[in-house]
Structures are given as structure tokens and as C-alpha cells.
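Below: one structure, written as C-alpha cells.
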Amino acid sequence: MRVCDLAVCGGGVTGSCRNMSLSSPSVFRTVLRSWTAAVLVFLYLPILVLVAYSFNASRLNIRWVGFTWKWYGELWSHAPLMEAAKNSVIIAAITTVLSVVLGTLGAWLLHRHRFRGAAAIRVLVGVPIMMPEIIMGVSLLVLFSALAVPLGFTTVIIAHVTFCFPFVLLAVRARLAGLDPALEEAALDLGATPLRAFWLVIVPALRPGIVAGALLAFTLSLDEVIVTYFTASPGSATLPLRIFGMAKVGLNPMLNALSAIFVVATIAIVIFSERLKRFSR
Amino acid sequence: MRAADTSAQRRPGWAAWLLLTPLLVWLLAFVVAPAAILVAYSFAERDELGRVGFGFSLENYGRIADATYVAVFARSVGYAAITTAICAVLGYPVAWCLARASENWRHRLLLLVMIPFWTSFLIRTYAWITILKSEGLLNGLLLWLHAIATPLELLYTPTAVIVGLVYAYLPFMILPIYGSAEKLDPALIEAAHDLGCGPWRTFAQIVVPLTLPGFYAGVLMVFVPAIGMFAITDLMGGARVPMIGNVIQDQFVGQARDKPFGAALAVVFMLLFVAVYWLLQRRAAEREPA
Amino acid sequence: MNPFRLLALTCALLAAPAARCAEQLNLFAWSEYVPQKVIAGFTKETGIRVNYETYASGEEMLSKLLIGGAAYDLVQPPDYIAEAMIKNKLLRPLDRSKLKNLGNLAPEFLGLPHDPEQKFTVPYLTGTVGIVVNTEKVKEPIRGYRDVFQPKFKNRIVVVNDNREIVSWALVTLGLDQNALTPANLATVRPLVAEWIKLVKVFDSDSPKTPLLNGDVDLGVVWSGEAARLIQENKKFSYVLPAEGAHPYVDLLAIPTTAKNVAAAHRFLDYVLRADVSKLISDEFPYTNPNAAARKLLSPEQRANPASYPQLEKFNTFRDIGKAAAGVDKLVTDLKSAK
């Protein structure tokens, strides 16, 4: 921290920073990396704690009592929890795909074209981000019940896409701002159809924005409670719904165990897929 | 379609309209329709049980002007603003660091930022409680280091609320900035260096201005949802001060059972947002002529 | 993004349709209030699959039911919500000939004001709202609300985050009826509630035992089941029914008029009324069990827990107050905000 403060002063006060050793690019890079590392520690601090406490022998999980594996065993035999976990992952995955399609196309078309009402659409896209979850949940339920759509996976996914795709759209739009229009023109001049140009030139250029948006959508969908409550049927309850319920009786180490498995499994999938990528090259 | 002009922004042809259709239908069905229901509710009346009946009244809007609700609203905006500022300060360097990382590391780091948020919010928050409580890990560590003599009061304070909010929203600041920063031409940075600009100045005067679209997106994704957030303030702040989210929630699924009033609160909340957003859009449009 | 492609593949595999039983029962109940063992036991015995959907408050359940979401065969309302539901014809009269174990219930929990003829509801678990004291930290005797809400205990108190509860405590403290939430009465209790709210450190309805166990507070006004768990965990906690007047409540099971599988709902009701099944519920949730036959199966330690089985004189439950709730809500929001 101290190094960083000093360095900021060095750069800021003198204005011209050519001769300051602290302002050399390598110092800057080190500071940037340490900052990032510190933020990652902040992000993982509670995760480490919850993983550690998943091995705590005390049911109330307030104090450390002793080491045990039993919560993992109990978790395995808790069918509704496992089913809810499965539901959550399915819903989040489908939501992400739909949100990416809707958000990317929307961002691109709004960026590319000028027409009356475009500004209104831009504002409308912002509405789900700021609509309180309870309002969205209740009004969607009113809508579904008026249209006699039975509640279930479909309604939950519709609801999730509605509050997720604006995040993709915004992330992609931020990326689009200032994108060189010559890029697409060049592709068109080379004889590509506009759709091919979009797919082959624009999408790759937008990839970081799309990836960022997809990650946000997946994360949001995976952990949403209130909208899900109103749009889910008994058969399509997601994990956060169950967890919110269980935490009523106080936090159960079994839930810690579940989260620990989730984190470890995700990291394993990432490592595995990287290996796969390297292998396939 | 092929014959369409290729100026930077053009009028949409039929194919573009066709592609826009899903978005338009989705917005109409699942954003405009619920919003319309909400507006209708806000003028309606309710019965004893909390069912919304037909009727027209402006009473619900009259109640909002009450000092109680104005104060609640102001407090919610205040917490959201502080959260957004801290997220920006913490997140900007991280986003830039991610964007500068090698291709291999970039995606790994990006996932590393997100993975903590794939566990349940509630369990993460309870982990923070374990850390911050008076007999908690942080106090234990500080006592052990003899940095303090008696446990600090950390949990159930505004500080704890801010920690919880920043924790929950940080990735929503990092990711859009990253998306924007990744496309910055390295040549630009090199040119700045060649012109004698140190890395700090380059960061402040070139990187930040050029990634502002990402930053604005981040502000929208952090500030706006944070205003309505109440679960964190309840758990980490002890629910001592109500947020606008609490009040709205109470009307719909709480004892108040007053959906029309809750709807009126939400309508005002959303109108304020739309007004601010509209103004920002117009200013942005003026600044960068197409 | 390879990780995502892999994730998608995993999902596709997981999505393989689960085996469906012929008969299903949609149970809409408080989160984690019906033990997994009970549900599994019912399915094993009858072959009926139970879809257990949960909610966090009676009002939440009512909201979803009123708008008309999925069809639920059984709901679990608290007493005053059941009263409102009966008034508005949202519940279906029970077929008592199908409830052979109804006799297991202790008479004091039957015929209460919310359902005087016991036509629509069956008590599930009951409890009280009372005071928990950490006797290691608080040495003086605590008998009622007046003893808890003292300036010297500022920031050492947790209470349930329930606006109507805190207002009702103030009402009984001033000798008023806890159900008389008239504007005049609200104005009378306002200064007292304002004073109390300033002293409270944590408002938590979900797990008020947590700050007590964590040592962040030493006194609490909480649900008796939470208190019973605290006592199970550590004998330093004691439970006191407030001298000013305790508030008991009953959580019920009932069949909504929109139910589809009424026969299965009755079978489930009769199943949970069985003494051995009801005992399983008590094992997991140490509230007061209204099932007299099940109580006989409990261990002496369970029965001796003062929070689970307190000495209650009057059974004075909450009544449906309709629109008056809005005033209560405004009052508490106002006072909390002024803090």
C-alpha cells in the first residue's frame, strides 16, 4: 500500500515523471499487479472462510469445534438441494446463451443504425437493471397468470433473461463505442454479406465485451432470489431459493460444503478445459 | 441490403428490422408490459387482504412526498454513491491490469474475479459476518497482533454495510471497464511513453478517458441496483435503518400488504432513473457526433 | 470460451428428464419448516411425490397465491393470515373423516379465534415470542419488556425484524390490547417504540440467535424456537415470557380452494398428525408441538426446555388487522429512519 501511495504522489505532483524512478513502467506494472492481487485477496477472503467452516464439526457453525467430513456426506443425501443446484446451473446456462444473443445483437443494431425511437429503446434496456426485483417478480407473475402461462422453467428463464440481457447489452455497447467503422466496411468491400461481416469481423472484435457480459449474466442468474421466487413452480426451484430457506434456521455447514464444492468444481472445469484446449492444439 | 449505404450509422433495412424484432418483442412483452402493470397498480386501490382492485386514486403518490420516505430514498442513494465510488477506485486498476495481461492470463483472471460470486450471496455474507463479528476472525487477528486492546465494533455498522455492498458490486465495475480497456491499441500507450509520458500520466490522461464508456456502463450496473439493495444492509447493518428497497418489499410481501403504494414508490423511483439516464444519453450523444 | 462450452455440455447431460411419479403433491410452506425426513417418509409410504416450495413470510405466500401462480395443494399460513384467508374464502373446508389422527392434538390449540370451528386448518407447530438473556453477561433479573429496553442495554439487544411485533409489545406494556392497532393507540405507543428502537442493535427475523451466539448482543426478543436452540447450545441462555403479556402464535396447515390434489393433501395432513411423524418435526424444530401424543414421545430434556414448553396463561394470538397494518409499517419505518 505504502509503495503505491508514494508512487501515485510521485506521478501526480511533479506532473512530468520522466526522471522519477518510481514512475518507471516496471514499477507501475508491479503496483498494478499488487493492487490486483490485493483486490483478489479481498474477493476470496470470505470464500476461504466459508470453505474452512464447511469442515467445522459444530452444526451452528459459530465457533471452530473440530474437523469433520460429515457435512459433505449429508449434502450428498439431500436430494432437494442437489436437484435445486442442477436447476440453477441449467437455468443460468440457458439464460446466459439467450442474453448474449439478445444483448449482442441489440447493442450492435442500436450502434449501427439510426432510427426514430432508438433512444427510447436504449432507456427501456436500462429499466430492468433498475427495476426493484420485487416489482419485476410481481409484475411478471401478474403477466404470466393473465396469459395463463404455467409457471416452470420457461417462466424462470424468461424472467432471468429479462434482467440479464441488459447487462450484456451495456457491456457490449461500451466495447462498441469508438470501434472503427472501417472494419466492417473493409469486410463488405471484400464481398462479405453483412451477416458474415458481423459474424467474422464484428463478433471477434466485440469478444471481450461479450465475455464480460456473459459472465455477468451467468453470475446474476445463478444467485437471484426474489424474481425467481415469483416465477418458479414447485418443480423449478433454484438453489438460492432453497438456500435462503435453509438459512432461516441458521446457517448450516452443509451449505458451506455445497458452496465449497461449487467453487472447486468450477475451478476444476476451467483447468480441465484449458488442458483440453492445449491438447487439441 | 447489399446496396445499403455504408456510412457509419444508417437507417435500418428490412433485415436489420428483422434482427431487431426479438429485442423489441422482448422489451415490449417483459419490460413495457410489467412496467404498465406497475403504473396501473400505482393508481389502483387495494382491499383488506391486499388484493389490487379497480379504482383510481392519486393518494399513493401523495403519501410519497412524506418526509419519511424522502429521507429513506436519500439514504439509499447516498449508500449507493459511496459504493460506486469505492468500486471505481478499487476496480479501475484491476480492469486495466486484466486488459494488459497476456491472452492466456486474461481469461483466467477474468474467471478468477467472477468465481467467488457463483456461490450463494447469503453464504458469502455469513462468511463476512464470521470475519467481522466482535469475536470474529479479524478482531481475533488484531488482538493476537496486539494492534488493539479490546475488540472493535465492526459488524452492524455503516462500515460493514459498505464493505458488503462493495464486495457484492465490485465485479460489476471491473468487467465493463475491462471490456472497454481491452481494445485500447497498445501502440497508443507506447506512443505516449515515447512522448515522455510516464505510466501514471498515461493511465490518468489516456487510459481513463478512453475507457469512459466502460466506466459509465459500470456506474450504471453498480449505482442503480445498489440503490434498491436491502438484503446486505439488513444482514450486515442489523436492519436498523430502512432502505427504499425495504419499504417497497414491505408493501408487496410484507405486513403492509399495500401493493398500490409500493407500486407508486417504484414508479417514482423509475421515473427519476429514466430522467437521469435520458439526460446522460443526450449529453453523450452531443459530445460524440456520429 | 471453452469453459462455457463445457459448462453447456454438462448442463445438457444434467437436464436429462428426471423420473416422474404418477401422483404429486404441491406443498407451499415456510422455508425449512417441514423436515426432509418427513417428506421422504410420506413419499415412501404413499408413493406420492412432494414438491416442496418455500416462502419466507406469510405475506409472501399470500401474494403469490392471490395473483394465482402455480396450484398448491397445501399451504402453511400463520394464524392471522389464515384468518384473512378464511374470511376471503381462500381455504377449503377439511374433510375430517379423512383425518383420523386429529385426536392427537391438545385441545388448547383448537377452536382459536382465527378458525373457531376448526373447519379449515390444522395446527402444525406453535410458539411464543419471548425474551432470551445471556445470563453470563446480564446479571440482574429480566422479567419483561421494561427490563430489556433500558438505556444501559443500548446496543446489546436483538429483536425480530417484524414491525407489528415491536408495536404489539409496546401496546401490552402500556396495558392496551395487542390487536387494537387504531391510529389513536399507535399515537400513544409512538414515544415508547421510538425509545426502544434507539436501543436495539440488530433487527433480524430469520436467525436472531446468530448475534446472540456470536456475542454481539446479550439480550433478545425472539421466536421461542430460536431461543430453544440457544438453550440447547449453551445453558447460559435463559428464556423468559414477558410479564406484560406474551404473544403466542400458531402455524397451521390448510388446503387452498385452488388445490388440485385434495385427496393427497388430506393424506399428508393425517400423516403429519401421526405421533411418530410429529415427533420428527419436534426433533428438528424445537417449537411448541401442539400434538399431545407426539409430546409423550419426546425426551425429558426436550420437554424440559423452557423455551419450547413455557408456562402460558392466556393464548392471545394475533388477529387479522387488514389495512391497519399500513399504519404500523409507516410508524416503524419512520422511527427507524429518524434514528
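Naming convention: chains lettered A, B, ... in sequence-line order (proteins, then strands); numbering from 1 in each chain. Just so it is clear, the model here is predicted, and its values are computed rather than measured.
Heavy-atom distances place the side chain of B:Val247, and not its backbone, under 4.5 Å from chain C. Contact of B:Leu235 with chain C is not made at all, since no heavy-atom distance falls under 4.5 Å. Contact of C:Asp216 with chain B is made through backbone and side chain together, with heavy-atom distances under 4.5 Å. Using a 4.5 Å cut-off between heavy atoms, C:Lys330 touches chain B through backbone and side chain atoms alike.
Between C:Ala326 and B:Asp258 the shortest heavy-atom distance is CB-OD2, 4.4 Å.
A distance of 9.0 Å separates CG in C:Asp329 from CZ in B:Phe261, rounded to the nearest 0.5 Å. The OG1 atom of C:Thr333 sits 8.0 Å away from atom CG of B:Asn246, with the distance rounded to the nearest 0.5 Å. Between C:Asp204 atom CG and B:Asp234 atom CG the span is 8.5 Å, to the nearest 0.5 Å.
Remark: the B:Arg75 side chain and the C:Ser337 side chain contain an N/O donor-acceptor pair separated by less than 3.5 Å. Between the side chains of B:Arg240 and C:Asn155, at least one donor N or O lies within less than 3.5 Å of an accepting N or O.
At a threshold of 4.0 Å, the pair B:Glu45-C:Lys323 does not count as salt-bridged, since none of the basic side-chain nitrogens sits closer than that to a carboxylate oxygen. Using a 4.0 Å cut-off between charged side-chain N and carboxylate O, C:Asp320 and B:Arg257 make a salt bridge.
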**Prompt:** Which is it for C:Leu66 and B:Arg51 under the side-chain contact (heavy atoms from CB on, under 4.5 Å) test, yes or no, and what are the steps along the way?
**Reply:** CA-CA 7 Å; C:Leu66 283 176; B:Arg51 271 179 294 215; 3.8 Å; yes
**Asked** Would C:Glu59 and B:Gln251 count as a side-chain contact (heavy atoms from CB on, under 4.5 Å) if you check the C-alpha gap in whole Å, the side-chain angles of each, and the deciding distance to 0.1 Å?
**Response** CA-CA 10 Å; C:Glu59 282 81 4; B:Gln251 312 304 319; over 6 Å; no
**Prompt:** So C:Asn163 and B:Asp250, side-chain contact (heavy atoms from CB on, under 4.5 Å) or not? Walk me through it.
**Reply:** CA-CA 10 Å; C:Asn163 299 344; B:Asp250 268 354; 3.8 Å; yes
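A heavy-atom distance below 4.5 Å is found between the side chains of B:Tyr126 and C:Ser207.
In this structure, C:Ser63 contributes its side chain and B:Phe252 its backbone to a donor-acceptor pair below 3.5 Å.
Of all the listed residues (B:Gly136, B:Ala71, B:Pro242), the one sharing the greatest number of non-hydrogen pairs under 4.5 Å with chain C is B:Pro242.
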